[in-house]
Structures are given as C-alpha cells and as structure tokens.
Amino acid sequence: MLLLTCPYCGVTAEETEFAPGGAAHLTRAGPGEGDDALEAYLFHRANPKGVHFERWRHAYGCGKWFLAARDTVTMEVFGTYPAQVSAPPPELIDTIRTKRPGWEPA
Amino acid sequence: MAHRLDTGGRLIDRAAPMDFSFNGKGFRGFAGDTLASALLASDQMLMGRSFKYHRPRGVVARGHEEPNALMNIGAGPFFEPNQRATVTPLTEGLEAESQNHWPSLETDAGAVNGLLSRFLPAGFYYKTFIHPRPAWKHLFEPFIRQSAGLGRAPKEPDGDRYEHFYRFCDVLIAGGGIAGLQAALKAGESGARVLLLEQAPVWGGRAAIDGDDVDGQPAADWIAGAVARLEAMPNVALHTGVMVSGVYDHGYVLAAQPVPGHRPGSSTSRERLWRIRTDWVEVAAGAIERPLSFAGNDIPGVMLAGAVRDYLADFAVVAGARTVVVTNNDDAYRTALALHAAGQAVPAIIDARAETDSPLIAAVREAGLRIAFGTGIAQVVGGKRVTGVRLCPQSGDGTMTEEIRCDAVAMSGGWSPAVHLFSQCGGKLTWDADQAFFRPDPERAPMSVDGTPFVFAVGAANGHLESAAAQADAAGTPIPAATEALIAPVWRMPAQAPVKLREKTWLDFQNDVKVSDVQLAAREGFESVEHAKRYTTLGMATDQGKLSNVNGLAVLGDALGREIPQVGTTTFRPPYVPLNMGSIAGEARGPIFQPLRKTPMDAWHESHGAHWEPVGHWRRPYCFQRSGESMEDAVAREILSVRREVGLLDASTLGKILVKGPDAGRFLDMLYTNMMSTLAPGRCRYGLMCSENGFLMDDGVVARIDDDTWLCHTTTGGADNIHGHMEDWLQTEWWDWKVWTQNLTEQFAQIAVVGPNARTLLERLGGMDLSAEALPFMRWAEGEIAGIPARVFRISFSGELSYEIAVPAGRGLELWERLVAEGADLGVAPYGTEALHVLRAEKGFIMIGDETDGTVIPQDLGLDWAISKKKTDYLGKAAQARAHMTDPERWKLVGLETLDGTVLPDGAYAVTEGNNELGQRNMIGRVTSSYRSPTLERGIAMGLVQRGPERMGEVLDFPLIGGGVTKARIASPVFYDPEGERLHG
C-alpha cells in the first residue's frame, strides 16, 4: 500500500486516503481540434514501465488534487507537487534524472 | 505403527489430557498437541483423501506447509473448512472431520478415479469436457462437482467476531528463530522500535530441536538468553503465535493472530489481524523442507524428515516403529540420530548422493546405522499405510535391488529458504546451484517510498541453513564454514524412472499433480512456468506450492532441457497462508459494514412503515406500508395519492452543491450541456452533465441564487462524485478561474410536496406567497413556511403541481410533521422511491442509472433540447461529435406499450431476424425501465431501440426468459398528460 505526501496539507498517508486520477499533464482537446487530437486526449496513454506522472486527490483529507512522479515498477515516489502546473517542476526532473540515468521527460 | 513414546515431548502437558472427535470417533490427546500430533499419537495415519484421485493421505509436514491433513473444524456457525491439522491446537471437545471423502474416509468411492488416472491427465478438464455440449450440464458438471473440491463451504454466517489491530514500528522481524532473535537483538540495541513476531507458540525455530550450538552455547540456552534480553528492552515488542502473512508496498505488513484463549462462541474475538506500518522488514522465516520424488511418496507414513524429528521432539510421537530415512542431503541424518536416540528402529539411511563424509554422517556411522549411498527408493510398498520400501540404484531405471520392511519413511529433498515475504512485493530471487535453492537477491529487494530497499532476509531465509551461519548472518559477523556435506540436486528418484513409476510420483500432494503431469504439460507446449502451473494446477491449492514449487520447476526444466534459473519461478503472492475471510473483514460487518447516511426525517419514516432501499450510502424509504397492504399495494396507493391528492417525498438526499464566484457562470457553462450563465436569478433550469467521453453522468435542476451564485442539484448517488468532478476541473484545468464550490447536501432537509392539493396544503402552513403568479413553474423563492426559513423550488419530477422545499436540516422533521398534520383531510401521504420512479416513468422522465449506463449520450435520450447549440464548448461536446456518436443507427429512447397490457421484464431485449457471430439472435433494443402504472392500469416501459423515434407504432418482439415472447409497440415515452397541463395545478 503506497505512501503519498500531500503537497498542500503536508500529510503523509496511506493510499486508501487518496483517490487516483490517472496520467497527469494531459492537454485537453475540445471541439474543432480534430479527431486525432481528441482521440489522443481521451484514449492514448503512455503506460510507461518506470517513471510516471500521475494525478491523485487527497480525497479523505484536504480534498486537493495534486500530482506525483512515481516509478511503476519499484513504486518509488520521486516527489509530489501541486496540480496547478502544466509540466513537472525542474527540480523534480533533475531528481529523477539523477536517480534514473538515461531517463528523459516525454 | 504410529504411537506416542512414554517420555519426552517438549510442548505437551501429559497432566492435561483432552478429548476430541475425528469423523465422529472419540480420541484423546494432551494440552499442547496439535490436532495432527494427537491423531498420529493414536495411530490415525489416514487424515484425508486427495483432491483428484481420492488417494488416501496422511500428514506429511509439521507446520503451515502441510498439504494433506486439511480438516473441517467445528459445527454450525463455528464451522470452518480447510484447516491444517498441523497448526490447529488441540482443544477440549474439538470436532474435526476429514475432507473430500465419500462415503467415508476409509472406503472412498472416488478412489476409482485413481484407477482411471491414465485418463485424467493434466488439463483433462480442458480436453475432455468440451463435446457434446449438453453432456456438460447433465453428465460432466454433476460428476465433477461431486468429486472435486476440498472442504465444504460453511452454510451459516460466521458466529465469531474478528478485529483489526494497528501497529507501527521501525523494524519488523518476521520469525523468532535463531536469526530472528539475533536480528531483533541487533536492531533493539540500535534503539529502533522493534516488533518481533513468531508464528509458533515457542521461540527458537528449528535450532532447539536440532540441538545445535549457537555462538558457543547449546541452542536452547542461547534462545532463552536472547529472549530474556529482548524482553528487557523497552523499545522491543515480541510476540509468539502471530503469523506475518503479507508484506506490501512501502512497508505495509499484515499479520494474523488467533486470539489466545478464544473458544467458539465466547465473547472475545477469534482472530486479530495486525495492520502494521514499518520502515524496515527483516524476513527470518527459516526454510521449508522439500519432498523427494519417488513412486508412492504420498502413501500415509511417508513424511518429511524434519517433520518426523519435530513430532518426536515436540510431542513424543513417532510415525512408525521402523523408519527408513531417504535423503539427498545431510539434514535428514539428524532425524536418523534422533529416532535412534529415542530407541526407534532405523533400518537404513538411503542417500542418493555418492559416498561422502561430514560430522553428521560420521555420527550416524558411529551409532551403527546402515547408510546406503548412491541409492534411491524405487517404490514405496503399501496402500493406506507404508509397509516397506523397494531400493534401487539412484542412477538407474528403478530395477529393485532390495526390499526393506518399515512402517514409516522420513524423506528429505533439501530445504528451500522461505522467501515468500521477501518476494511478495517485488523482491527477486537468485538460484544457488551449489545448495539447490532459490534465495533472495539483496540487489533486487523490494523498494520503499524513497527508492531504498526495505525488505531483507536473514538466516535460513537468506540461504544460511546451519544454525551458526544463520546467527552470524543476522548478527552481521563472518559466516562460519559449512560443516555439512553438499546436497545433491535429485529431482527424480531414480534418475531414469519409467513412466509406470512417474505416474505414482507426486509433486503437489494437495492438487494431485504428478511428475508425469508436468512432463506432459511441457510436451504439449506449456513452456512458461506460469502456463505450466495453470495447466497442471501445480502449486495452486491452498498450500500454494510450499512443498512442490521447486521440485515442479526442476521437473519442468528437465523436460524442456533448460536449467532451473531459465525456467524461473512463479510469483509469490500474499497471504503466506490463507487468511480467514472474517479476519480480513474485521469489525466491518453487519450494521457497521459501511457508514449509513440518514436524513433528518429518518426516524419518522422508520416508525411509519418504511421499507428501506439503499441509495449510495443513504437509506431511503422504498414505500410506506400500511397494515394489510402488500408492498405493491402500498406503491400503487402512494402513486394515486400523488396524482389525485397530495404526496410528500423526502428529497433530502438529493445533492446540493453551491457554486459561487465571478467565473461561476462560465464554469457551469463548461460543466453542463446547456447554458447556465444566462439563467436569471430566481429561475431554475434542468441541466445535464457529461464526461469528456460525451456520456451522460448526472442530471438535476440548477437554480440561480444571485449574480455570482448557483445551486446545482444532483442525483442522490452522484453528489459526492459530482462535487469531486467539479473540483477536479477547477483544481487541475481551470485553476485560474475564480470559482468556489461547496457540497451542502447535508445542510438542508428537502421535502417535495406534490399533487393537485400541494398549494392548498402549503398555504395552510402560512408564510410566503406560493401562488401561481408569485411562484410560477421553474422559479424559486426564499421566505418562510410555518415559521421556518425556506427556499421553495417550483420544479416537478412527477408531472404534477410540485414544490420542493429546502429548510435547515435541523428543522426538516418539524416541517414534515406539520405537513402531515395539516394535510390529513387533503389526503396527504408520504411516498417512497418506487412511487417516485413510476411517477417519473409515466411522464417519460429519464433516471440516471436506468436510462443511462455509461454508454448513453443525451442525444440518445431525445434530450437535444437541453443541449446548447450556441456554446462553442462544454465537457463532452467534442466527443459527442465523433462518428459513432452521431451514427443514425444508435439505439434511442422510446416508450414501449405491450399489446396485452402486461409489464415487460426490465432489461429484456428486442430481437429481429438473423443471428450474430455468437449464434445469438440479433438485438435491436432493450428495456431500460418498466413498471405497472396504477394511473393507466397497464404496463409501461421505456427502452433504447435502434432508430427508435423513426419507428413509432412498430411492434417489437421481446423474448422472455423461460420461453414465450412479449410484443410491444413503440410509442412516445410520455404516457401521461402529454400536454403537461397538470404541472400548473
């Protein structure tokens, strides 16, 4: 059972206190942006073996959505950060690069 | 024969005899016995029948790895199947019965399967029971159901209580043998909070029995000293009788504890599930002995050599008076020495290895016992118990050289480290070819949240089998040189055993998997170990392959011409031994299974005949039954009272979400399919919410409160999800929009006053002006009713004149009781959710969850009028324009009228000519809601039908389960008051 730290309230809690929300940093495609863009937005997910950026909500805590970078194989959590960004913070990218040489953000 | 010696037995109390029954027959044992040791002491060798062939089986092992001695224990609400007799403590009056026998354990009709075993090979279900198809139902399935399965499922709810228990520590140590005690000492001295758990009732694991020296002291002394030192440490907690059953991500650990002193029906909990959070886990779980694969290795009396030694030391019980030891390693020599020291005959030690020497072998020679090197067992002689063994050269094809008379066989195929807890959350293993076992690979240990390893194995679990080595490994000191001679990897005995012997050579005792089955799987192309496992069922029984796993892999590897590391191993999953379902549930059963949400009027409903219906976590009255009424009568009466007089509905459970802020209108325009920003204050509008996939997820009436405030009503079940959905978009997509949301569902009680007399009733209570002029349809107003502050919404889900009145939750019951009291002569009656459903269906109003199922878009439901054409965007708009969503062939909402007036079955399908690719009739629609309408006195239904609205008047066929067809005509879904005149009262 994963441990996650909510970047808003600072609480470290068990997975059951959170609700998962799938891949992070999707770009929304609305009407008029073409079927390919819409299909990619709705259905295409990288499902990486390794570093994954994902959405979580502190559902049974402060209620805030936040984002996490996690290794889908080892379950290591590289960090969590507020959801009000369109890309992971550079410090987090650096941390992951150090821990996973050769990894580059998509 | 098996018997108890006159002296010895470190765990039993001979002064405390205990009576128990097995298959209805009386037995006696001692306090401290297990069920298995007590049966063995009474020479009850036969303890069960095997799964597939119903072969007679006796106890093989000492602990949780036991595959054969599974029992039904207890009776009635305290009955539990599949209990391992080897770990079931004997209690006074215990009732046990063997499993999988019919008609009796001694004479089993299913044993004929064994004679047919040539025709029941691996995968035989898959191959045999395909054709002819009707034979499955009438012949094969009844036969398989009769003969398959282990224990019986309990028939009554579990009469015992269970509890969960939370613990936190820095270091959890699983296993209190030499390595676990040493690891606890080391961790305890570092100041860490240590939790040491041992599954057995005593400390020290095997070392005390084996009598080795540890750190220069006799093992028993070292153990007693270590326990005393640990008990003196305030930062160390240590418990026996607690089994660590699972290690999960990031240091979550489950352990199971039978509560000491609990008896069936007593007020204490039966089992306690420990839910532990730890930074660090040290697995000191020891090792599990492997059987050897020779013909007849499942005959009662053939046991693991370590188990033979344990029964002698712990319970003073021996499986026979003459025990032949057969081995490929040194450890079994300890069994020979122990039996010899206890005065039992050991006619020979059959050692498959070439002649070798070591201190243990020398001690056996010194005792004058015969050792036959390079020799194997060709076959065990006997039926329901061992009567002898036939010997042969290990390298040969089983040609007998000699027969030895004996009544027990102690076998050892070597020991496998108990790596389960290390592997369960991702730890990888490495094959140690010298010692012929898998051991944990510390370079590939499970990772904690910060990416550092958090599970470590020590001692025998880490591959250090000898006591001195185990202690050194846990202490972190240099590992002393081995004193035992190396094991010889012997996976088949003899090496060239012909098929006649291989067919009697068991790998998995519990699931009846033989060497020949695994070889067949390999020949048939099941090369992956995971596939071979499922095809043969090797390791898939309740023992999860604790004995059979490595032997099975070796046989598979041999058949495929691969080494064991290339074959790999199957995945170890928690729990280590099965957990009782009650234990997993803990306290969460019955009324406290989950929280129950009640409205402010709940107690009134309860005392007025409410039949409850769960809706989300709420309970709502389904109907209010009066004396002499059936539930159907009550529903019909409630509907007619709404249509003719006035009804009251407790609508408090409806979601009420306040959305406020300068950007609230813009936000709601994105959320709803229609325009909410243009709604004037004081007005209401029905709205639809879709997912980004375009599918309808919720509906409800939105009221504009003031310039920057809207109140969104949601479905009862949807309130929390919709609030979460709103927050998701506000927090993660439009975080710069100035909007605040608040879920106010529980702050208000809401009562729908519905029917022709609704206005008259409300006016009697006094307060705000509710006339048609002051409050027209789809408006709302704020004021007072009966002196209670209220918001009144002129909205209707029934087609009748209707007011929904929201008051502070604490005053809901007061208003409800006033309405009931003042309305008596107006025919006021409370109504429940079923009447609500029928009333809305008579009007063709959709219900989320009936007309929608996650694949339905608003356009399918004829709700185009509620979809804005002006807006450039809303959630789901882009998806609703995709090709499949605009396909004219989509199933769309229509009304359905049966020709004979009967009620269509809910969910029935409409069929047309021809069959689909599965041989089923082509389907062109289905019923989504169906009721008997007391208003119209006939069945009414709604359904989704291919091109439905274009086919008005067409008659469709709905086949019924059990035969027959109901014919129904496509009609408008608005069955009642199509002009909508009744709304205005």
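Chain identifiers are assigned alphabetically (A, B, ...) following the order of the sequence lines, protein sequences preceding nucleic acid strands; residue numbering begins at 1 within each chain.
Surrounding CZ of Phe165(B) are more than 12 heavy atoms belonging to other residues, nucleotides or ligands, all under 6.0 Å away. Shown here is Trp280(B), whose CH2 atom has no more than 12 heavy atoms of other residues, nucleotides or ligands within 6.0 Å. The environment of Lys428(B) atom NZ is sparse: at most 12 non-hydrogen atoms of other residues, nucleotides or ligands sit within 6.0 angstrom. By the neighbour-count criterion of 12 heavy atoms within 6.0 Å, atom CD of Gln594(B) is densely surrounded, having more than that number from other residues, nucleotides or ligands. Heavy atoms from other residues, nucleotides or ligands lying under 6.0 Å from NZ of Lys49(A) number 12 at most. Other residues, nucleotides and ligands contribute at most 12 non-hydrogen atoms within 6.0 Å of the CH2 atom of Trp740(B). At most 12 non-hydrogen atoms from other residues, nucleotides or ligands lie less than 6.0 angstrom from CZ of Phe593(B). Around atom CZ of Arg589(B), more than 12 heavy atoms belonging to other residues, nucleotides or ligands sit under 6.0 Å away.
Distance alone, capped at 3.5 Å, places no donor-acceptor pair between the His250(B) side chain and the Glu76(A) backbone. Proximity of a side-chain donor or acceptor of Gln84(A) to a complementary backbone N or O of Gln731(B) within less than 3.5 Å is detected.
Between chain B and the options Glu33(A), Lys64(A), Arg70(A), heavy-atom pairs under 4.5 Å are most frequent for Lys64(A). Of the residues considered (Met447(B), Lys877(B), Glu692(B)), Glu692(B) shows the highest number of contacts with chain A, using heavy-atom pairs under 4.5 Å.
When all heavy atoms of Thr732(B) and Ala83(A) are compared, the pair lying nearest together is CG2-CB, 3.9 Å. Residues Leu3(A) and Val449(B) come closest through the heavy atom pair O-CG2, 3.7 Å. Nearest heavy atoms, Ala29(A) versus Ala878(B): O-CB, 4.4 Å. When all heavy atoms of Arg28(A) and Trp729(B) are compared, the pair lying nearest together is CD-CZ3, 3.7 Å.
Neither the backbone nor the side chain of Phe78(A) comes within less than 4.5 Å of any heavy atom of chain B. Heavy atoms closer than 4.5 Å to chain A are found in both the backbone and the side chain of Asp873(B). Proximity to chain A (any heavy atom under 4.5 Å) is shown, for Ala883(B), by neither the backbone nor the side chain. The contact between Glu733(B) and chain A is made entirely by side chain atoms (from C-beta outward), counting heavy-atom distances below 4.5 Å. Only the backbone of Val85(A) comes within contact range of chain B, with heavy atoms under 4.5 Å apart. For chain A, the nearby part of Tyr252(B) is the side chain; its heavy atoms alone come within less than 4.5 Å. If you measure heavy-atom distances from Leu38(A) to chain B, the contacts under 4.5 Å come from the side chain alone. With a threshold of 4.5 angstrom between heavy atoms, Ser448(B) approaches chain A through N, CA, C or O but not through any side-chain atom. For Tyr41(A), the part lying near chain B is the side chain, with the backbone staying farther off; criterion is any non-hydrogen pair under 4.5 Å.
The shortest distance between side-chain heavy atoms of Leu2(A) and Tyr248(B) does not fall below 4.5 Å. For the pair Met1(A) and Asp249(B), the minimum side-chain heavy-atom distance is 4.5 Å or more.
Using a 4.5 Å cut-off between non-hydrogen atoms, no part of residues 15-26 of chain A approaches chain B.
When the salt bridge (Lys or Arg N to Asp or Glu O under 4.0 Å) test is applied to Glu530(B), the partners found at least two apart in sequence or on another chain are Arg534(B).
The existence of a salt bridge linking Arg57(A) and Asp728(B) is excluded, since no basic side-chain nitrogen approaches an acidic carboxylate oxygen closer than 4.0 Å.
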